[in-house]
There are 2 protein chains.
Amino acid sequence: MAGAEADRGGSITGVTDVGPEVLGRGPTRAGTRRAELVAVATRLFRERGYHGVGMRAIAEAAHIQAASLYHHFAGKEELLLESIYVVDRDLVVDQLPLLEGSGTRPERLQELVEGHVRHIGTNRDAWWVAGRELRALSPERFDEVQVYRRRYQHAIAEFLAAGTAAGEFDCPDPRLSALALLDMLNGPNEWYEPGGRLDIDELAARYVDLALRLVGCCA
Amino acid sequence: MAGAEADRGGSITGVTDVGPEVLGRGPTRAGTRRAELVAVATRLFRERGYHGVGMRAIAEAAHIQAASLYHHFAGKEELLLESIYVVDRDLVVDQLPLLEGSGTRPERLQELVEGHVRHIGTNRDAWWVAGRELRALSPERFDEVQVYRRRYQHAIAEFLAAGTAAGEFDCPDPRLSALALLDMLNGPNEWYEPGGRLDIDELAARYVDLALRLVGCCA
DNA sequence: GTCTTGCCCTAACGACTGTTAGGGGGGCAG
DNA sequence: CTGCCCCCCTAACAGTCGTTAGGGCAAGAC
């Protein structure tokens with residue numbers, strides 16, 4: 001907090017670790033600063049949990065004061081919602097259409113699994129927060145996000161059911177298979193770290209294999 | 001497992017009211033009250049998260065004052081550790097030996113999966129807390145628990161590797177298969193609720209099937 | 001009787017919580 | 001120059017956090 005004094009004298013507008021490329025120059029496009037702050041908050045939420053991080057901690061990580069956050073967000077919960085939303089929206093918007101695409105069902109499932117695993121790999125903080133801090137949202141916000149989640153899950157269940165009827169899969173209980181598949185796919189969210197034994201593409205490839213086994217596709 | 005709960009005279013899991021009827025009576029066996037308080041805390045941790053629950057809230061749910069908790073526990077973290085410990089200890093103590101038992105490897109895996117799923121079903125609060133609030137522990141406590149977790153995971157990985165070498169399984173990457181299997185098995189922890197579409201025994205049976213598929217056992 | 005043990009109480013500590021009120025300064029448009 | 005907008009500031013609000021100090025009441029041991 002001695003840093004607050006120092007900042008005042010010199011570089012109010014200038015030097016932060018946050019988005020250096022954007023901040024140095026003149027007025028940025030509206031929403032940029034907001035996105036930077038969300039990224040900072042997301043990282044902290046991941047490290048310490050929503051209730052474990054205070055507004056002052058978020059502000060400090062962004063090199064501003066806590067009160068300044070309220071010029072960008074209505075409150076703490078808005079930061080959380082913004083952290084979570086990207087993940088669930090991307091799943092429904094980018095991933096789900098893959099199931100309706102061309103190719104055999106195993107091929108389409110392969111694309112879904114690859115995209116899913118890669119999305120986890122490139123949005124680790126947000127995924128972690130989305131997976132564990134949902135309950136911290138108010139009931140209305142909670143339901144709002146839950147709608148996306150259920151849609152994704154149900155679409156996969158129906159996809160597996162259709163594939164089973166067509167003889168491409170073997171899922172006696174498609175709803176349960178969808179749950180098990182999703183739980184498996186979301187697993188790397190807990191333990192994957194870049195620079196580990198497998199890079200994200202290898203991981204995605206192996207998960208495609210595991211997923212196909214799970215749904216009874218012996219191709 | 002259910003037997004272990006029954007002979008404790010109280011409600012280890014779930015049942016809410018640890019109430020006046022216990023207070024009025026004579027002295028209970030040492031450690032009993034402690035276990036009751038842990039159960040209350042575990043349930044609240046599950047509902048609102050570790051940082052989302054205060055000592056006063058735990059105390060209120062147990063119909064005592066916050067300060068009274070400190071006659072049973074050194075601090076809040078001790079309550080969390082106690083909530084988590086049961087799960088990880090049971091896994092290593094009760095589940096792991098199943099892999100060394102008699103029978104073919106697929107049979108042994110079946111026993112492990114059944115036991116795992118059923119343990120989740122009968123200790124839902126503790127599992128939820130153990131899965132999500134680990135990071136709230138101090139580093140030393142965290143490592144202490146993590147040792148159990150890694151031992152379980154590594155034992156399964158080696159079991160899958162041995163089974164693959166013996167031609168009973170087909171796991172080209174046993175370590176990854178173990179992770180994926182565990183993530184799938186832990187999934188019900190997030191969504192299983194008693195009284196749902198499947199009871200716990202049906203769920204365990206279906207997960208045995210899914211697990212065998214995952215490890216490439218076509219038996 | 002006294003002493004101990006187990007369980008609980010009231011009251012308070014300092015630190016921290018999310019949030020608000022109100023002010024200021026820099027960059028750009030006119 | 002003035003006026004506007006964006007971003008940030010200091011200071012403070014009321015409330016909650018985990019924790020501690022110190023005392024009381026009932027039951028069993030001696």
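Proteins come first, then strands; the chains are lettered A, B, ... in the order of their sequence lines, and each starts at number 1. Just so it is clear, the model here is predicted, and its values are computed rather than measured.
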Could you state the [atom1]-[atom2] distance from [X] to [N], rounded to the nearest angstrom?
X	N	atom1	atom2	answer
A:Q65	C:dG22	CD	C1'	15 Å
B:E78	D:dT19	CD	C1'	14 Å
B:L69	C:dG6	CG	P	17 Å
B:I58	D:dC17	CD1	P	10 Å
A:H63	D:dC9	NE2	C1'	16 Å
B:R33	C:dC7	CZ	P	8 Å
A:L37	D:dC8	CG	C1'	11 Å
B:F73	D:dG18	CZ	C1'	15 Å

Tell me, yes or no, whether the heavy-atom count around A:R118 atom CZ, taken from other residues, nucleotides or ligands under 6.0 Å, exceeds 12.
yes

Salt bridge flag under 4.0 Å for residues A:R206 and A:E202
no

With a 4.0 Å cut-off, would you call B:D125 and B:R43 a salt bridge?
no

Working for salt bridge (Lys or Arg N to Asp or Glu O under 4.0 Å), residues A:E133 and A:R135:
CA-CA 5 Å; A:E133 301 291 356; A:R135 55 146 183 220; 3.7 Å; yes

Can you see if the side chain of [X] gets near the phosphate of [N] - specifically, an N or O under 4.0 Å from OP1 or OP2?
X	N	result
A:H71	D:dC5	no
B:R34	C:dG6	no
A:S68	D:dC9	yes

For each nucleotide in nucleotides 11-21 of chain C, reading 5' to 3', give B when a protein heavy atom comes within less than 4.0 Å of its base, S when such contact involves only the sugar-phosphate, and - otherwise.
BB----BBBBB

Could you check whether any side-chain N or O of A:R124 sits under 3.5 Å from a backbone N or O of A:R46, counting only pairs where one atom can act as donor and the other as acceptor?
no

Would you check if the side chain of A:R175 reaches a backbone N or O of A:A157 as a donor-acceptor pair within less than 3.5 Å?
no

